[in-house]
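See structure below.
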Amino acid sequence: MRLGLALGYWGRGPDPRHLELAQEAERLGYHSVWTAESWGSDAFTPLTWLAAHTTRIALGTAVAQMAARTPTATAMQALTLDHLSGGRMMLGLGLSGPQVVEGWYGRPFPKSPLTATREYVEVIRQVLNREAPVRLDGRYHPHPYAGPGATGLGKPLKPIVHPLRADLPVLLGAEGPKNIAQTVRIADGWLPLYWSPSRTELYQATLADARDGFMVAPMTQVRVCADVAEGLKPVKAMLGFYIGGMGHAARNFHADLMARFGYEAEARRVQELFLAGRRAEAIEAVPDAFADEISLVGPRERIAERLELWRKGPITDLLALSPDLETLRVLAELAG
């Protein structure tokens, strides 16, 4: 099981610790470092900055939002950074949800998310393969475009730049069962948002069809601390925000995922409190048991014991959302 460092997206501004964390992760032998985006900072610019200040560590987006760019624009950014970094790029993509896609990007959320994702990946594959001009008779990402408002002058094109690697890894942040099954078929890896090493049976049948080299790379908060309850507070804050605020009351993929983990009533309660403006209560309503099973929090000895559970499952890469250098060092020692 390889280690990765997940830096997430910015809050009010850039985190001055991120460069130091990435450089220390590289020194410690971490395989990868990952950036993200929501409705603020983008994923590719910070990753390019990190690429310029490192030499070996792989670089990934976890995740870049599909609604933010056309698939060809995303492919351009990926192949450009792959060249500049000497072949270190991994492209992690996510569809996001209706609240963000329509509210922030001003685009309709696809009625068939599976089809939209499949077409998006297909266009990127064609760009990276550069075997022929991009052509796709698609519902969401047709190339050339010939729908309403088209001039009829669209010309199939292939990239001027020769991609460094046709097999640049493409990973997907999938949550629903059908989406995960499709991810196994069309992508090079899966980026689970939550992962419980004690519930691997939820994905056993789906992942059984994964080909050799398929990455399973969950993000998890890791924190070395004396007080487990205190260490779980940031985990619960994250869960409260995602389950309560990252989606509509009637359509929230994160709440649905928590329900599949066996916490349906608790997920709905978190939603109710968050949407009622009672955010502190919503965070407190997140069960400690759920926060604990999807994270690695506590004293070194406790993390060492729990880490063995993570090793036994299908995980290939553990992407640590880790806030401090000491935690990065302890995790590297325990996983080494």
Side-chain angles (χ1 to χ4, degrees), residues 1-9 11 15-34 36 57 62 191-203 216-243 254 257-258 261-263 266-267 270 280-336:
M1 185 178 70
R2 301 180 299 194
L3 294 180
L5 169 64
L7 296 174
Y9 45 79
D15 191 325
R17 302 171 299 172
H18 280 182
L19 180 56
E20 183 181 19
L21 287 168
Q23 290 176 327
E24 180 66 2
E26 180 174 69
R27 188 190 70 80
L28 291 168
Y30 279 58
H31 171 258
S32 56
V33 59
W34 303 73
I57 197 166
L191 295 161
L193 179 61
Y194 312 139
W195 181 269
S196 170
S198 60
R199 301 177 191 268
T200 56
E201 71 280 358
L202 291 174
Y203 310 112
V216 179
M219 289 174 281
T220 185
Q221 293 204 40
V222 184
R223 184 171 284 98
V224 177
C225 58
D227 188 329
V228 174
E230 189 68 23
L232 287 176
K233 286 183 178 179
V235 185
K236 294 179 65 169
M238 177 273 293
L239 288 169
F241 176 65
Y242 271 74
I243 295 162
H254 307 298
L257 179 58
M258 182 176 170
F261 274 66
Y263 297 93
E266 293 88 342
V270 170
E281 293 179 63
I283 292 170
E284 186 59 32
V286 175
D288 282 10
F290 179 53
D292 193 29
E293 70 175 274
I294 65 167
S295 63
L296 285 164
V297 172
R300 177 191 176 105
E301 296 75 16
R302 186 175 193 267
I303 290 178
E305 180 181 348
R306 292 172 58 78
L307 189 60
E308 291 307 308
L309 292 174
W310 294 72
R311 290 180 188 271
K312 291 178 182 178
I315 295 173
T316 61
D317 297 75
L318 175 63
L319 310 186
L321 287 155
S322 183
D324 62 88
L325 296 172
E326 181 58 25
T327 294
L328 283 185
R329 292 165 185 157
V330 169
L331 187 59
E333 291 170 6
L334 294 176

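Worth knowing before you read on, the calculation uses all heavy atoms, side chains too, and leaves out hydrogens, waters and symmetry mates. Since the model is a prediction, treat every value here as computed from it, not as a measurement.
In terms of heavy atoms, Ala304 sits closest to Leu334 at CB-CD2, 3.7 Å. Nearest heavy-atom pair across Ala332 and Leu3 is CA-CD1, 3.8 Å. The two residues Cys225 and Gly231 have their closest heavy-atom pair at SG-CA, 3.7 Å. Ile243 approaches Ala267 most closely through the heavy-atom pair CG2-O, 3.8 Å. Shown here for Pro234 and Gln221, the closest heavy-atom pair between the two residues is O-NE2, 3.5 Å.
Asp288 pairs by the salt bridge (charged side-chain N to carboxylate O under 4.0 Å, His left out) definition with Lys236, not counting sequence neighbours. Taking the side chain to side chain donor-acceptor pair (under 3.5 Å) definition, one finds that Glu201 meets it with nothing, sequence neighbours left out. Taking the side chain to side chain donor-acceptor pair (under 3.5 Å) definition, one finds that Thr327 meets it with Asp324, sequence neighbours left out. In this view, Glu284 satisfies the side chain to side chain donor-acceptor pair (under 3.5 Å) rule with no residue, not counting sequence neighbours. Applying the side-chain contact (heavy atoms from CB on, under 4.5 Å) criterion to Arg329, with sequence neighbours excluded, gives Glu24, Arg27, Leu28, Leu325, Glu326. The side chain to side chain donor-acceptor pair (under 3.5 Å) search around Arg2 returns His31, Asp317, not counting sequence neighbours. Applying the salt bridge (charged side-chain N to carboxylate O under 4.0 Å, His left out) test to Glu20 and every residue at least two apart in sequence or in another chain returns nothing. Shown here are the side-chain contact (heavy atoms from CB on, under 4.5 Å) partners of Pro192, two or more places apart in sequence or in another chain: Trp190, Trp195, Val216, Pro218. For Glu305, there are no salt bridge (charged side-chain N to carboxylate O under 4.0 Å, His left out) partners at least two apart in sequence or on another chain.
Pro197 places none of its side-chain heavy atoms less than 4.5 Å from the side chain of Arg306. Using a 4.5 Å heavy-atom threshold, the side chains of Leu5 and Ile57 count as separate. The closest side-chain heavy-atom distance from Pro314 to Thr200 is below 4.5 Å.
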Side chain to side chain contact (heavy atoms under 4.5 Å, CB included) between Leu307 and Leu331, worked out: CA-CA 9 Å; Leu307 189 60; Leu331 187 59; 4.3 Å; yes
From CA spacing to verdict: side chain to side chain contact (heavy atoms under 4.5 Å, CB included), Leu239, Met258: CA-CA 9 Å; Leu239 288 169; Met258 182 176 170; over 6 Å; no
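For residues 222-232, every residue pair satisfying the salt bridge (charged side-chain N to carboxylate O under 4.0 Å, His left out) rule, not counting sequence neighbours, is listed here: Glu230-Lys233.
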Kindly list each side-chain donor-acceptor pair under 3.5 angstrom involving residues 293-303, sequence neighbours excluded, with atom names and distances?
unit_1, atom_1, unit_2, atom_2, d
Glu293, OE1, Ser196, OG, 2.6
Glu293, OE1, Arg199, NE, 2.7
Glu293, OE2, Arg199, NH2, 3.2
Glu293, OE2, Tyr263, OH, 2.9
Ser295, OG, Ala291, O, 2.7
Arg300, NH1, Glu333, OE1, 2.8
Arg300, NH2, Glu333, OE1, 3.2
Arg302, NH1, Asp292, OD1, 3.2
Arg302, NH1, Val297, O, 2.7
Arg302, NH2, Asp292, OD1, 3.4
Arg302, NH2, Asp292, OD2, 2.7

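To the nearest 0.5 angstrom, Tyr30 atom OH is 11.0 Å from Leu319 atom CG. Between the CG atom in Leu321 and the CE atom in Met219 there is a gap of 6.5 Å [rounded to 0.5 Å]. Here the CZ atom belonging to Phe290 is positioned 5.5 Å from the CZ atom belonging to Phe261, to the nearest 0.5 angstrom.
Side-chain atoms of Tyr242 do not come within 3.5 Å of backbone N or O of Leu193 as any donor-acceptor pair.
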